[in-house]
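Right, one structure below, let's go through it.
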2 protein chains.
Amino acid sequence: MATLIRRGLVHEGLSADVATTGEEAIDAAADADVDVIVLDVMLPGIDGFETCRRLRSAGVWAPVLMLSARDAVEDRVAGLDAGGDDYLVKPFAFTELLARLRALTRRGGNDRAAPLCVGDLRLDPATREVMRGSIPVILSATEFALLETFMRRPGEVLSRLHLLDNAWDVAYENRSNVVDVYVGRLRRKIDEPFGRCSLETVRGAGYRLRP
Amino acid sequence: MATLIRRGLVHEGLSADVATTGEEAIDAAADADVDVIVLDVMLPGIDGFETCRRLRSAGVWAPVLMLSARDAVEDRVAGLDAGGDDYLVKPFAFTELLARLRALTRRGGNDRAAPLCVGDLRLDPATREVMRGSIPVILSATEFALLETFMRRPGEVLSRLHLLDNAWDVAYENRSNVVDVYVGRLRRKIDEPFGRCSLETVRGAGYRLRP
DNA sequence: ATGACGCTGTCACGTCCTTGTCATCCGTGC
DNA sequence: GCACGGATGACAAGGACGTGACAGCGTCAT
């Protein structure tokens, strides 16, 4: 069935990858940047619902269209609850699958605050999680706000004043070196443990996050 | 809001009519042969609940999705009692509205709102039952509303303000620590007896329900 | 009526973390 | 060597959070 669908999609000029188990799908979706996922409920090993849940908790927010042979109400509800965006019952017309996939991709996924990524640094404003690669980093509120400011303008040199305006509540007028101190604290958490150097000092101008 | 939803639905290739009052909605639904009704609770004149009841007694059996600005328990119960088939709390993702409308139109019958599951926590808005695994948990009204707010956005960090807006009826002055107190009470019921730690504190930001 | 009881929101207090400042140290350009 | 901008360790003050106690309120059975 998966191969059949894949052949049909390729025939439409789209590209598609096939995974035969839930684990495989999660790995593939985490690696590749997929636009939409077609997920059969009946899978060897972990089933489609669980796969969908794990995809979501793995940070994959691509729309999921669930395929099921059964038309039971519980299945549909379970599918939607597991984080599915649409539900199609087998047997179906291939044109309908296409139409639904088009509808799903047109919407551009769930409107959830998108995580910011710069290199292997990832910052999720919604969950307030920060990851260097696959290792979570614990930041305080101010450190988080500062890093977010940097990640919204990767590569740009940001002045101390700009950083103060964006990561601190009130604009400090006085000659404070808070920014310097916090850049140092940030470096100690996101760079030093990993031997990196993403936060650069630009003498006389400010700091920049290397893209 | 109604115009916004209508535009979104039309964009999906569906057709939609807008009514701005309860009376208008009843007249329109009685004339046209509608598939599903989206009904805001807050309406000028007769409110959403009463509108729903009158729709039913007028012989309109199309599924009704109630829209509520607040997540108050009373609203939900009232909405379901008035003959609503599902309810959605503002603000919501448009994709979720679509998914629920699809689910409503696909099934012909009247099903109640689907239970929410996060890990082995289960919360059924319709029956007001909460289970940790297979063990039922007894919650007060406020505790229930708070937990439901968390379970609608698992993994996300929710600010005290967001929690107040969604689980409490009126907006409190932010000097109060009700949220802290109730998070504590919730922890004592859903976490401590089970040695879990699903409700995390995010210093300087709020709380989050671990997915 | 009355008392018991549970729910709700407030408050005070203790603990621990965060925050911003300061003094000092370091490297670079003159 | 010297001046300057930046880095860093130490630290005090304040803030954020958790918790127990408590009063007001409504419900319910007596």
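Quick note on labels: first sequence line is chain A, next is B, and so on, each numbered from 1.
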Worksheet item: Roughly how many Å is it from CH2 in A/W168 to C1' in C/dT21, rounded to a whole number?
Response: 13 Å
Worksheet item: Hey, are A/E156 and A/R208 close enough for a salt bridge, meaning a charged N less than 4.0 Å from a carboxylate O?
Response: no
Worksheet item: Would you say a side-chain N or O of A/R203 is under 4.0 Å from OP1 or OP2 of D/dG6?
Response: no
Fill in: Selection from C/dT8, C/dG20, D/dC17 that lies nearest to any side-chain heavy atom of B/A141
C/dT8
Practice prompt. Measure the distance from CG on B/L139 to C1' on C/dG6 and round it to the nearest whole Å.
Written response: 14 Å
Worksheet entry | Spacing of A/R208 atom CZ relative to D/dG6 atom C1', expressed in whole Å | 18 Å
Practice prompt. Using a heavy-atom cut-off of under 4.0 Å over every strand shown, decide if B/V202 touches base, sugar-phosphate, or nothing.
Written response: sugar-phosphate
Discussion item. As a test of reading the structure: which of D/dT8, C/dT8, C/dT19 is closest to the side chain of B/T142, going by heavy atoms?
Written reply: C/dT8
Worksheet item: Base, sugar-phosphate alone, or nothing: which one does A/R185 contact when heavy atoms must sit under 4.0 Å apart?
Response: base
Discussion item. I want to check one thing: is the phosphate of C/dT21, taken as OP1 and OP2, less than 4.0 Å away from some side-chain N or O of A/S176?
Written reply: yes
Item to complete: Report yes if the side chains of A/F144 and B/R203 come closer than 4.5 Å at any heavy-atom pair, otherwise no.
Response: no
Practice prompt. Provide, to the nearest angstrom, the distance between the CG atom belonging to B/L186 and the P atom belonging to C/dC7.
Written response: 13 Å
Worksheet item: Under a 4.5 Å cut-off applied to non-hydrogen side-chain atoms, are A/V178 and A/D180 in contact?
Response: no
Practice prompt. Looking at every strand, decide which applies to B/V183 at a 4.0 Å heavy-atom threshold: base, sugar-phosphate, or nothing.
Written response: nothing
Worksheet entry | Rounded distance (Å) that lies between atom P of D/dT19 and atom OH of B/Y182 | 16 Å
Fill in: Close side-chain approach of B/F150 and B/V118, heavy atoms under 4.5 Å
no
Worksheet item: Looking at D/dC17, C/dT18, C/dC11, which one has an atom nearest to any side-chain atom of A/S140?
Response: C/dT18
